[in-house]
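Throughout, numbering of the chain's residues begins at 1 and tracks the sequence. Excluded from the calculations below are hydrogen atoms, water molecules and symmetry mates; all remaining heavy atoms, backbone and side chain alike, are included. Every number for a ligand or one of its atoms is a count from 1 in the order of the listing.
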Amino acid sequence: MKKILITGGAGFIGSHVVRRFVKNYPNYQIFNLDALTYAGNLENIADIENESNYTFIKGDIVEADFINNLFHEHQFDGVIHLAAESHVDRSITDPLSFVKTNVIGTMNLLNAAKDSWNDNFDNKRFYHISTDEVYGSLGAEGLFTESTAYDPKSPYSASKAASDHFVRAYGETYGLPYVITNCSNNYGPNHFPEKLIPLFINNIIENKPLPVYGDGKYTRDWLFVEDHASAIDLVFHEGKNQETYNIGGFNEWQNIDLVKLLCQQMDKKLERNEGESEKLITFVKDRPGHDLRYAIDATKINKELGWKPSVTFEQGLEKTIDWFLSNKEWLQNVTSGENQNYYQKQYK
Ligand SMILES: Cc1cn([C@H]2C[C@H](O)[C@@H](COP(=O)(O)OP(=O)(O)O[C@H]3O[C@H](C)C(=O)[C@H](O)[C@H]3O)O2)c(=O)[nH]c1=O
């Protein structure tokens, strides 16, 4: 029996990872540690909450004593660390909360893992989930590789870059076995509707304006969240210690083109006239320090571990839209803030 701690498992990406591990590895005991902030929602994993190999723990990685006690009590074999403040716009207005969770929180986990493993690192692994934003912004050409120099621009990406550096520093200094993955933009079911795709799906349903920042010519590289979860599974089990793997779908879209595709698919699903949703597009003031382009070279994970995405962007987007349209209650709960006291009141 392996004991695995997954942090942030009530969040968007974390919930897909937790579900995958609980279902695929009945011989593991999965501990899901989540602070249930505004973006964490136990409804995301309601389907697995009664599984015998699953335990939910409400708690904040920023609390060092709590984290140390948790590691002492459970003696985890592995950590998959996803808990993070993740929204770039929020990091611009409240950078300190990003330092607290993403940097201090990661430090607390590193310290607790190092101390509980007590120099016996056999079959232990600390897996840090990170972002391609640590590499900064690309011009029109080129791709981020694992050896691209870090050049974070936003408070969010600076906090993730700092936490990546600390993970590597603990590897170098104390011999802590780690892996890091840096992934491109995710989308899919349970995505919190502050991010581009779920926000715009919600706004189209509600006939609200679609606020495209600047001229909309910013480029992101999109990956379906379940494909990210499959990559995490593979790296956790087969990745090499002290290595970094980039994860991405070679799937670049300029924001405005993506929004138009989304509008077309939504018109069909909602049986609206062609072009109706596009009328909601509104160009608004740009995000300060807006990174122009992210694009991932995912050759290493493909060649070394044989990972590749399972769906095309069109398929993934359709699955996502279908999920949101058949989970309107979920959307209503999170947009009204009800998730804070609705499903998870039992953990208050
Ligand atoms: C919310 C919003 C966004 N945008 C633009 C800004 C970006 O160029 C693009 C995507 O924005 P979003 O905030 O959804 O995601 P990123 O800023 O690219 O960052 C995301 O992907 C990386 C990898 C992470 O690591 C972040 O955690 C994750 O939030 O759409 C708009 O034009 N309008 C809007 O209302």
Testing Thr320, Asn44, Asn327 for side-chain hydrogen bond (donor to acceptor under 3.5 Å, both in side chains) with Asn190, which one passes?
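For Asn190, the side-chain hydrogen bond (donor to acceptor under 3.5 Å, both in side chains) check succeeds only for Asn44.
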
Can you list every protein residue that has a heavy atom under 4.0 Å from any atom of ligand 1, sorted by chain and residue number?
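Contacting ligand 1 under 4.0 Å are Ser86, His87, Val88, Thr131, Asp132, Glu133, Tyr156, Cys183, Ser184, Asn185, Glu194, Lys195, Leu196, Leu199, Phe200, Pro211, Val212, Tyr213, Tyr218, Arg220, Asn255, Arg287, His290, Tyr294.
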
What side chain to side chain donor-acceptor pair (under 3.5 Å) pairs are there with at least one residue in residues 2-19, not counting sequence neighbours?
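Counting only pairs at least two positions apart or across chains, the side chain to side chain donor-acceptor pair (under 3.5 Å) contacts touching residues 2-19 are Thr7-His81, Arg19-Asp47.
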
salt_bridge(Glu274, Lys268) N-O dist < 4.0 Å
no

Below 4.0 angstrom, N of the basic side chain to O of the carboxylate: do Arg20 and Glu226 qualify?
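Salt bridge flag = no for Glu226 with Arg20.
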
With a 3.5 Å cut-off and sequence neighbours excluded, list the donor-acceptor pairs that the side chains of residues 114-124 form with protein atoms.
residue : atom : partner : partner atom : Å
Ser116  : OG   : Ala112  : O            : 3.4
Trp117  : NE1  : Phe76   : O            : 2.7
Asn120  : OD1  : Asp122  : N            : 3.4

Considering only Ile, Leu, Val, Met, Phe, Trp and Tyr, and joining two whenever side-chain heavy atoms are under 4.5 Å apart, list the other residues clustered with Phe250.
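Noted: Phe250 shares its cluster with Leu143.
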
